[in-house]
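Note that the coordinates shown come from a computational prediction; the quantities given were computed from them, not determined experimentally. Below, chains carry the letters A, B, ... as their sequence lines are ordered, and counting in each starts from 1.
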There are 2 protein chains.
Amino acid sequence: MATAPSPLPPSAADADGAAPVASPAAAALRAIGARVTPARVRVLTLLREAPTPMSHHDVETALGPDAGDRVTLYRVLDWLAEAGLATRGVDATRVTRYAAARDGKHQNHLHFHCDDCGQVYCLDTPPPPPPELPAGFQLQRAELDLHGQCDRCNSGKA
Amino acid sequence: MATAPSPLPPSAADADGAAPVASPAAAALRAIGARVTPARVRVLTLLREAPTPMSHHDVETALGPDAGDRVTLYRVLDWLAEAGLATRGVDATRVTRYAAARDGKHQNHLHFHCDDCGQVYCLDTPPPPPPELPAGFQLQRAELDLHGQCDRCNSGKA
DNA sequence: ACCGCAAATGCAACAGAGTTGCACAAATGG
DNA sequence: CCATTTGTGCAACTCTGTTGCATTTGCGGT
Ligand SMILES: [Mn+2]
Ligand SMILES: [Mn+2]
Ligand SMILES: [Zn+2]
Ligand SMILES: [Zn+2]
């Protein structure tokens with residue numbers, strides 16, 4: 001089996017189980033001339049599908065056994081942010097959260113924080129216009145955080 | 001010099017070294033009916049004199065030998081924020097910073113968070129009207145957080 | 001001036017998030 | 001297929017903050 005037997009064009013999967021067909025995440029990586037590694041693809045794919053920004057812990061839990069090494073995950077997340085493929089943010093509890101950076105998914109909408117279950121919901125409602133600021137202040141972003149009870153937590157009570 | 005020689009009204013210090021004359025910080029504590037403890041007075045005094053928001057580490061270093069216990073310092077800072085005498089903020093490196101709150105009102109106005117120094121500024125601008133929510137969601141409070149660079153952090157750059 | 005008790009402190013151990021150094025593995029270009 | 005560059009895994013470590021519990025202390029009441 002040393003010599004390549006098949007002159008087949010790049011189409012279906014090999015006799016093996018793994019199908020290296022290009023995922024959107026992998027494409028995004030190649031697009032910036034970066035190495036395509038399983039860890040990066042898995043994490044970026046997850047972030048792209050995630051409805052809300054994810055912490056290191058979130059990602060580790062979501063990936064389960066495929067999460068790989070803790071430190072590698074930190075480095076991948078950090079790298080993604082550095083490479084511009086994800087955005088980094090520190091929340092009120094000092095936890096860093098990451099979100100896929102493509103065309104501002106979490107850029108222009110509101111977040112609702114459920115105080116009961118802690119879930120964060122992305123709302124379609126556009127944010128209000130940013131107000132005037134004192135001289136010398138430079139506005140980077142405005143975030144309207146709504147706090148209360150979500151529908152799920154709200155229905156299970158008196 | 002054991003017996004008090006002067007029939008002076010309450011002004012100077014006693015025969016002892018310690019002068020319990022009311023510091024502004026102590027006054028602020030009494031004003032809200034809180035216990036006046038050395039730790040609280042020292043920390044609040046420091047925060048009031050500080051030109052920029054201070055982290056736990058900053059305070060500990062600044063107070064030197066008078067800093068007391070690490071945990072107590074955490075609790076004092078936390079308490080000051082809870083009591084409305086200081087504002088809390090998380091800076092870009094995940095470090096919580098505190099600043100003396102000159103006025104204790106955080107009711108009906110906006111907050112500007114400096115991403116560099118972590119300071120929280122209270123703006124006079126009234127908050128925008130809360131938006132519509134999906135069915136089942138109950139709004140408890142809405143907070144418009146403005147993020148960017150404050151005037152102080154903004155001026156020290158190219 | 002003295003008591004009593006809630007509130008604050010000190011100490012020690014713990015927890016979570018993120019970092020560093022280094023040996024080993026793997027991606028990519030040739 | 002090889003060489004080089006880059007990423008990964010592991011262990012140990014730092015930093016920030018927390019929790020439990022015994023002891024002290026501020027302060028209101030007597
Ligand atoms: Mn969102
Ligand atoms: Mn305020
Ligand atoms: Zn909920
Ligand atoms: Zn600032």
Side-chain angles (χ1 to χ4, degrees), chain A residues 1-4 10 18 20 22-23 25-44 53-61 63 65-83 85-86 88-98 118, chain B residues 14 18 20 22-23 25-44 53-61 63 65-83 85-86 88-98 118:
Chain A
M1 308 89 169
T3 49
S23 70
L29 291 169
R30 289 208 182 81
I32 63 170
R35 284 196 184 181
V36 181
T37 73
R40 287 180 180 174
V41 173
R42 276 196 298 264
V43 173
L44 184 53
M54 301 183 79
S55 66
H56 172 274
H57 181 78
D58 292 339
V59 174
E60 199 172 24
T61 301
L63 291 180
D66 296 330
D69 186 63
R70 219 171 58 85
V71 177
T72 298
L73 186 47
Y74 271 116
R75 291 197 266 232
V76 165
L77 287 169
D78 191 54
W79 181 88
L80 285 173
E82 221 62 48
L85 294 173
R88 218 193 323 243
V90 180
D91 76 4
T93 64
R94 302 178 14 261
V95 176
T96 306
R97 288 206 145 76
Y98 299 84
Chain B
D14 272 41
S23 70
L29 290 169
R30 289 211 181 79
I32 63 170
R35 286 199 183 179
V36 180
T37 72
R40 287 179 179 174
V41 173
R42 278 196 297 265
V43 173
L44 185 52
M54 302 183 76
S55 66
H56 173 276
H57 182 262
D58 292 340
V59 174
E60 199 172 25
T61 301
L63 290 181
D66 296 330
D69 186 62
R70 215 171 61 85
V71 176
T72 298
L73 185 47
Y74 271 115
R75 292 198 264 229
V76 166
L77 287 169
D78 191 54
W79 181 89
L80 286 174
E82 221 62 48
L85 294 174
R88 218 194 321 245
V90 181
D91 76 2
T93 63
R94 305 183 12 264
V95 176
T96 306
R97 288 175 178 279
Y98 299 83

Practice item. Nearest 0.5 Å please: distance from the CZ atom of R94(B) over to the OG1 atom of T93(A). Key: 10.0 Å
Would you mind writing out the side-chain donor-acceptor pairs for residues 32-40 of chain B within the sub-3.5 Å range, not counting sequence neighbours?
unit_1, atom_1, unit_2, atom_2, d
T37(B), OG1, R40(B), N, 3.2
R40(B), NH1, R35(B), O, 2.9

Check your understanding: How do R40(B) and T96(A) order along DNA chain C: which one's closest nucleotide is nearer the 5' end?
Key -> R40(B)
Revision key, fill the gap. Between CZ of R70(B) and P of dG17(D) the distance, given in whole Å, is 10 Å
Check your understanding: Counting any heavy atom closer than 4.0 Å, what does R94(B) reach on the DNA or RNA strands: base, sugar-phosphate only, or nothing?
Key -> sugar-phosphate
Point to revise | Sugar-phosphate, base or nothing in reach of S55(A), heavy atoms under 4.0 Å | key: nothing
**Study point:** First and last nucleotide of DNA chain C, 5' to 3', lying under 4.0 Å from heavy atoms of chain A
**Key:** dA17(C) to dT28(C)
Check your understanding: Which letter, B, S or -, goes with each nucleotide of nucleotides 19-30 of chain D from 5' to 3', with contact meaning a protein heavy atom under 4.0 Å?
Key -> BB----BBS---
Study note, to complete from the structure: Rounded to whole Å, the CD-P distance (E60(A) to dT8(D)) equals 15 Å
Check your understanding: Could you give the CG-to-P distance, from D78(A) to dT6(D), as a whole number of Å?
Key -> 17 Å
Review point. NE2 of H56(A) to CZ of R70(A): how many Å apart, nearest 0.5 Å?
Key: 6.0 Å
Review point. Taking atom CZ of R75(B) and atom CD of E82(B), what is their separation to the nearest 0.5 Å?
Key: 14.5 Å
Study note, to complete from the structure: Rounded to the nearest 0.5 angstrom, the CG-OG distance for L29(B) and S23(B) is 7.5 Å
**Study point:** Whole-Å gap separating P (dC15(D)) and CZ (R97(B))
**Key:** 15 Å
**Study point:** Value in whole Å for how far the P atom of dT14(D) lies from NE2 of H57(B)
**Key:** 14 Å
Review point. Which heavy atom in S55(B) sits nearest to a heavy atom in R97(B), and how many Å separate them?
Key: N-NH1, 3.8 Å
Check your understanding: Rounded to whole angstrom units, what separation is found between the CG atom of D69(B) and the C1' atom of dT18(D)?
Key -> 13 Å
Study note, to complete from the structure: Atom CG of L63(A) and atom P of dT8(D) are separated, to the nearest Å, by 13 Å
Review point. Taking atom OG1 of T96(B) and atom CE of M54(B), what is their separation to the nearest 0.5 Å?
Key: 14.5 Å
**Study point:** Distance-only donor-acceptor check, side chains T61(B) and D58(B), under 3.5 Å
**Key:** no
Review point. Taking atom OG1 of T72(A) and atom CG of D78(A), what is their separation to the nearest 0.5 Å?
Key: 12.5 Å
